[in-house]
There are 2 protein chains.
Amino acid sequence: MKKSPPPKPTDTELAILRVLWRLGPATVRAVHAEFNRVQETGYTTVLKMLQIMTEKGLVRRDESERSHVYQPVLSEQHVQRQLVGHLLDRAFGGSAQKLVMQALASKKSSPRELAEIRRLLDKLEKEA
Amino acid sequence: MKKSPPPKPTDTELAILRVLWRLGPATVRAVHAEFNRVQETGYTTVLKMLQIMTEKGLVRRDESERSHVYQPVLSEQHVQRQLVGHLLDRAFGGSAQKLVMQALASKKSSPRELAEIRRLLDKLEKEA
DNA sequence: GCGATACTACGAATTGTTTCGTAGGTGTCA
DNA sequence: TGACACCTACGAAACAATTCGTAGTATCGC
């Protein structure tokens with residue numbers, strides 16, 4: 001009976017989740033290979049991380065084959081929202097506006113992206 | 001010679017920084033009192049945190065009085081931008097647009113705030 | 001069948017975070 | 001002056017995160 005929702009992933013865990021979102025269900029070997037393109041790490045390190053992440057409920061493990069196959073429990077969008085919500089509470093006193101302002105200021109977006117955001121604003125204002 | 005920029009604050013450190021941003025320069029006693037309105041904590045715990053944060057360069061300490069006075073090294077905006085930048089890299093592959101979308105979706109903003117964001121968009125588009 | 005290879009499990013070392021008790025010094029005031 | 005309150009420094013405990021070596025077991029190629 002593990003009901004409680006998975007905890008917020010650490011930075012390292014998030015890096016592994018990002019590999020899994022990219023690859024889809026994958027073995028330790030596959031994750032390790034992909035992970036090492038950016039970050040040199042031992043095989044058993046990745047294995048251990050995935051084992052711990054399984055205990056935490058961050059990933060699910062298929063043990064039907066000898067090489068276990070791992071996949072994320074939550075979607076990338078879901079975790080992104082979780083992390084944004086956390087940052088919102090911790091650093092911005094819950095003000096999404098302030099966070100959005102900082103995000104737009106801290107990294108230039110393309111005109112296309114800005115237009116996309118504008119479209120979302122239209123939609124939100126219509127709902128209100 | 002401590003040149004390197006202060007590290008990303010932990011959640012607890014951030015909570016203390018938020019108190020300092022609210023109060024301005026403050027003694028351990030003042031920070032402790034304010035902090036405890038939300039989170040019950042021992043006096044020496046807050047003291048130790050502030051000592052560690054001083055070593056890390058997150059806060060500056062004025063020792064000219066018997067009760068030392070602490071203040072943040074970086075502005076709230078600066079740290080907010082730092083944290084947004086970090087989240088952007090770690091969870092959003094650098095796409096500010098995706099982060100903004102999630103922020104707006106995860107917490108309803110008031111029409112006034114949406115208008116404010118729209119104004120920022122206007123400004124950014126004019127620059128481009 | 002046997003040696004090489006691949007895989008998981010486990011334990012342990014290291015490092016960082018958080019909490020708080022205790023000790024020692026300084027000031028206050030009756 | 002002596003009791004008391006307040007302040008900082010320090011060390012240690014408890015916990016979590018990260019890394020990796022070693023051991024044990026299964027599988028494959030010959």
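Lettering follows sequence order; numbering is per chain, from 1. The shown structure was predicted, so the numbers you read here are calculated from the model rather than taken from an experiment.
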Colleague: Once salt bridge (Lys or Arg N to Asp or Glu O under 4.0 Å) is applied, do any residues pair with B:Glu113, and if so which ones, sequence neighbours excluded?
Modeller: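 Checked B:Glu113 against salt bridge (Lys or Arg N to Asp or Glu O under 4.0 Å); zero matches.
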
Colleague: Looking at residues at least two apart in the chain, or sitting in another chain, which of them share a side-chain hydrogen bond (donor to acceptor under 3.5 Å, both in side chains) with B:Thr10?
Modeller: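 side-chain hydrogen bond (donor to acceptor under 3.5 Å, both in side chains) check on B:Thr10 returns B:Glu13.
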
Colleague: Using the closest heavy atom to pick a nucleotide of DNA chain C for each, name whichever of B:Thr41 or A:Tyr43 lands nearer the 5' end.
Modeller: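 Nearest nucleotide further toward 5': that of A:Tyr43.
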
Colleague: List in chain and number order the residues that pass side-chain hydrogen bond (donor to acceptor under 3.5 Å, both in side chains) with A:Arg81, two or more places apart in sequence or in another chain; answer none if no residue qualifies.
Modeller: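 Partners of A:Arg81 under the side-chain hydrogen bond (donor to acceptor under 3.5 Å, both in side chains) test: B:Gln102.
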
Colleague: Do any of residues 6-33 of chain B sit with a heavy atom less than 4.0 Å from DNA chain D, and if so which?
Modeller: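 Residues of residues 6-33 of chain B that come under 4.0 Å of DNA chain D are, in numerical order, B:Val28, B:Arg29.
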
Colleague: Checking the side chain of A:Arg118 only, and the main-chain atoms of B:Arg118 only, is there a donor and an acceptor separated by less than 3.5 Å?
Modeller: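 Looks like no, no N/O pair under 3.5 Å.
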
Colleague: For B:Leu58 and C:dT17, give me the distance from atom CG to atom C1', rounded to whole Å.
Modeller: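 In whole Å, C:dT17 C1' and B:Leu58 CG are 13 Å from each other.
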
Colleague: Applying ring pair (Phe, Tyr, Trp, His ring centres under 6.0 Å), which residue pairs with at least one partner in residues 55-106 of chain A are found, sequence neighbours left out?
Modeller: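 Sorted pair list comes back empty.
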
Colleague: Could you tell me whether a side-chain N or O of B:Gln71 sits under 3.5 Å from a main-chain N or O of B:Val59, the two making a donor and an acceptor?
Modeller: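 Absent.
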
Colleague: With sequence neighbours excluded, give me every ring pair (Phe, Tyr, Trp, His ring centres under 6.0 Å) pair touching residues 97-126 of chain B.
Modeller: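 Passing the test, one end in residues 97-126 of chain B: no pairs.
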
Colleague: Measure NZ/B:Lys48 against C1'/C:dA23 and give the value in whole Å, please.
Modeller: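 Those two atoms, NZ and C1', are 14 Å apart.
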
Colleague: What is the first contacted nucleotide of DNA chain D and what is the last, in 5' to 3' order, if contact means an atom lying under 4.0 angstrom from a heavy atom of chain A?
Modeller: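 The contact span of chain A on DNA chain D goes from D:dA17 to D:dT27.
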
Colleague: Who pairs with A:Glu65 by side-chain hydrogen bond (donor to acceptor under 3.5 Å, both in side chains), at least two apart in sequence or on another chain?
Modeller: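 Partners of A:Glu65 under the side-chain hydrogen bond (donor to acceptor under 3.5 Å, both in side chains) test: none.
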
Colleague: Does any pair with a residue in residues 83-105 of chain B pass salt bridge (charged side-chain N to carboxylate O under 4.0 Å, His left out), and if so which ones, sequence neighbours excluded?
Modeller: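 Checked against salt bridge (charged side-chain N to carboxylate O under 4.0 Å, His left out) - neighbours excluded - no pair reaches residues 83-105 of chain B.
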
Colleague: Can you tell me the distance, in whole Å, between the CG atom of B:Leu50 and the C1' atom of C:dT19?
Modeller: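 Taking atom C1' of C:dT19 as the reference, CG of B:Leu50 is at 14 Å.
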
Colleague: Give every donor-acceptor pair under 3.5 Å between a side-chain atom in residues 34-53 of chain A and any protein atom, sequence neighbours left out.
Modeller:
from, atom 1, to, atom 2, distance (Å)
A:Glu34, OE2, A:Arg22, NH1, 2.6
A:Asn36, OD1, A:Thr41, N, 3.2
A:Asn36, ND2, A:Thr41, O, 3.3
A:Thr41, OG1, A:Gln39, O, 3.1

Colleague: Rounded to whole Å, please give me the gap between CD in B:Glu40 and C1' in C:dT18.
Modeller: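 These atoms are roughly 15 Å apart.
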
Colleague: Atom NZ of B:Lys56 to atom C1' of C:dT15: distance rounded to whole Å?
Modeller: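 One finds 12 Å between C1' of C:dT15 and NZ of B:Lys56, rounded.
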
Colleague: Could you check which residues of residues 59-73 of chain B get a heavy atom under 4.0 Å from DNA chain C? Sort them by number, please.
Modeller: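 Those residues are B:Arg66.
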
Colleague: Which residues pass the side-chain hydrogen bond (donor to acceptor under 3.5 Å, both in side chains) test with A:Arg66, sequence neighbours left out?
Modeller: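 Checked A:Arg66 against side-chain hydrogen bond (donor to acceptor under 3.5 Å, both in side chains); zero matches.
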
